[in-house]
Amino acid sequence: MGRKEISMSNNPMSPVSVPSLRKMKAAGEKIVALTAYDYPTAMLLDEAGVDLLLVGDSLGMVVLGYSSTIPVTMEEMIHHTKAVVRGARRALVIGDMPYFSFHQGKDLTIANASRFLKEAGASGVKIEGASPKRLKLIEAMVEAEIPVMGHVGLTPQSVNLLGQFRVRGSDGAEAAKILDDALKVEKAGAFAIVLECVPEDLAGRITRRLRVPTIGIGAGPRCDGQVLVFHDLVGYQTGFQPKFVKRYADLGSIIRESVKRYAGEVRAGAFPDEAHSYHSPSGKKR
Ligand code: KIV
């Protein structure tokens, strides 16, 4: 029996597991998720009680400075997932399968997905899309004991096919397709499904139809849980902010102002001062 199974499920400090997310849905308890990409952030978010840390491939845009998620590599994802796992005590850590890590057949997909568990220590992976081939990959990963989180609605890795990011499922046919996608991803074995940029009534309908939890981003309040990109939440970036982002802090300004004060004090010779210097035992200043 694994460590997670013998922990008390009603203890708020018990590690969050894949089955506990399903229990949270059944109990009507909202699942709190955020992206994380490094050790100190993972520690802080875990201490703040976040249930699920997603090492999203948004890493590429918010941390590595790429203009889309397309260039993100497996090596980058594994490197950052390892750091997040080191910082997380209670939260469930899920690694995002980057573009082209699951496009070259079942065996390579399972090999890549298993690296998130074996090398990085994550508890599962997330994969975008619901095409027939994608569903077979989800089935194969679950068969290989790899917990899989689905992702439907807006799927940023399809940016070159879609042409632009926009709300998905605003018309009847597209909405029906997204509901169908979600049902198929659930049937393929996913333990939860991210719904990105879909109208809130559609997200509500999907959430009611699924037995597994939905985690919304730009999908309104009726999902079983919510995820945001951490850097958006705390204002630690300067790029475009979609409508669904609520900014709870302005870290960008705090960092800029702190560094300006530091630079001013260094240039003026005010830092380092006596209080921040070591002294030789004789007490004499050199
Ligand atoms: O990469 C990511 O951060 C994501 C979330 C926004 C769901 O896929």
Side-chain angles (χ1 to χ4, degrees), residues 21 30-38 41-42 45 50-74 76-81 83-84 88 91-102 112-113 116 120 122 124-130 134 138 147-159 162 165-169 178 181-182 185 190-198 203 206-207 212-220 223-234 236-237 239-247:
L21 295 185
K30 289 277 187 188
I31 298 163
V32 178
L34 274 176
T35 66
Y37 316 100
D38 61 49
T41 309
L45 303 189
V50 172
D51 301 308
L52 189 153
L53 295 178
L54 172 66
V55 189
D57 65 351
S58 50
L59 163 78
M61 297 177 78
V62 295
V63 173
L64 303 178
Y66 300 142
S67 60
S68 78
T69 59
I70 301 299
V72 177
T73 65
M74 270 303 296
E76 288 163 343
M77 289 305 303
I78 295 294
H79 177 78
H80 285 268
T81 304
V84 170
L92 187 76
V93 179
I94 301 297
D96 209 358
M97 296 283 284
Y99 177 69
F100 231 72
S101 64
F102 50 91
N112 281 329
F116 281 99
V125 300
K126 177 171 84 57
I127 187 167
E128 293 185 10
R134 205 62 50 88
I138 295 174
V148 178
M149 180 181 232
H151 183 157
V152 303
L154 176 67
T155 49
Q157 290 175 12
S158 316
V159 59
L162 301 174
F165 291 151
R166 64 164 175 83
V167 177
R168 298 273 137 185
I178 293 170
D181 283 352
V185 169
F191 70 85
I193 303 183
V194 170
L195 301 179
E196 179 161 357
C197 276
V198 298
I206 296 173
T207 300
V212 299
T214 56
I215 311 287
I217 175 161
C223 295
D224 298 304
Q226 175 66 43
V227 64
L228 278 181
V229 169
F230 167 73
H231 290 59
D232 290 341
L233 174 97
V234 295
Y236 189 18
Q237 57 113 317
F240 167 75
Q241 293 272 287
K243 170 181 173 163
F244 61 76
V245 168
K246 182 168 178 188
R247 189 171 266 198

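Counting convention: from 1, in listed order, for ligands and their atoms alike. The chain is numbered in sequence order, starting from 1.
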Visitor: Please state which part of Leu228 comes within less than 4.0 Å of ligand 1, counting heavy atoms only: side chain, backbone, both or neither.
Guide: neither

Visitor: Taking all non-hydrogen atoms of both residues into account, name the closest pair between Gly95 and Thr81 and its distance.
Guide: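 That closest heavy-atom pairing would be CA-OG1, 4.5 Å.
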
Visitor: So, is Ser58 polar-close to ligand 1, with some N/O to N/O distance under 3.5 Å?
Guide: yes

Visitor: Any idea which atoms of ligand 1 are less than 4.0 Å away from a heavy-atom of Thr35?
Guide: 3 (O)

Visitor: Does Leu154 form a side chain to side chain contact (heavy atoms under 4.5 Å, CB included) with Leu162? I'd like the steps, not just the answer.
Guide: CA-CA 9 Å; Leu154 176 67; Leu162 301 174; 3.9 Å; yes

Visitor: With sequence neighbours excluded, tell me which residues meet side-chain contact (heavy atoms from CB on, under 4.5 Å) with Thr41.
Guide: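 Testing Thr41 for side-chain contact (heavy atoms from CB on, under 4.5 Å), a comparison that skips the adjacent residues, returns Asp38, Leu45, Phe230.
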
Visitor: Determine which pairs satisfy side chain to side chain donor-acceptor pair (under 3.5 Å) with at least one residue from residues 91-100, sequence neighbours left out, and list them in order.
Guide: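 The answer is Asp96-Lys126.
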
Visitor: What I want to know is whether Glu196 and ligand 1 share at least one N or O pair that is separated by under 3.5 angstrom.
Guide: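 No: no nitrogen or oxygen of Glu196 is under 3.5 Å from one in ligand 1.
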
Visitor: Rounded to the nearest 0.5 Å, what separates atom CZ in Phe100 from atom CD1 in Ile70?
Guide: 10.5 Å

Visitor: Any donor-acceptor pair under 3.5 Å linking the side chain of Arg168 with the backbone of Glu196?
Guide: no

Visitor: Give the atoms of ligand 1, by number and element, whose distance to some non-hydrogen atom of Gly56 is under 4.0 Å.
Guide: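 Here the atoms of ligand 1 in question are 1 (O), 2 (C), 3 (O).
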
Visitor: Using side-chain contact (heavy atoms from CB on, under 4.5 Å) as the criterion, point out the one residue from Val152, Ile193, Ile178 that pairs with Ile206.
Guide: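 So the option named by the test is Ile178.
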
Visitor: Which of the numbered atoms in ligand 1 are below 4.0 angstrom from a heavy atom of Lys126?
Guide: 8 (O)

Visitor: Report, in ascending order of atom number, the atoms of ligand 1 lying under 4.0 Å from any heavy atom of His151.
Guide: 8 (O)

Visitor: When only distance counts, is Glu128 in polar contact with ligand 1, meaning an N/O pair under 3.5 Å?
Guide: no

Visitor: Give the atom numbers and elements of ligand 1 that come within less than 4.0 Å of a heavy atom of Leu54.
Guide: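 That gives atoms 4 (C), 5 (C), 7 (C) of ligand 1.
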
Visitor: In the protein, what heavy atom is nearest to atom 6 (C) of ligand 1, and what distance, to one decimal place, separates them?
Guide: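 Scanning the protein heavy atoms, the shortest distance from atom 6 (C) of ligand 1 goes to Ile217 CD1, 3.5 Å.
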
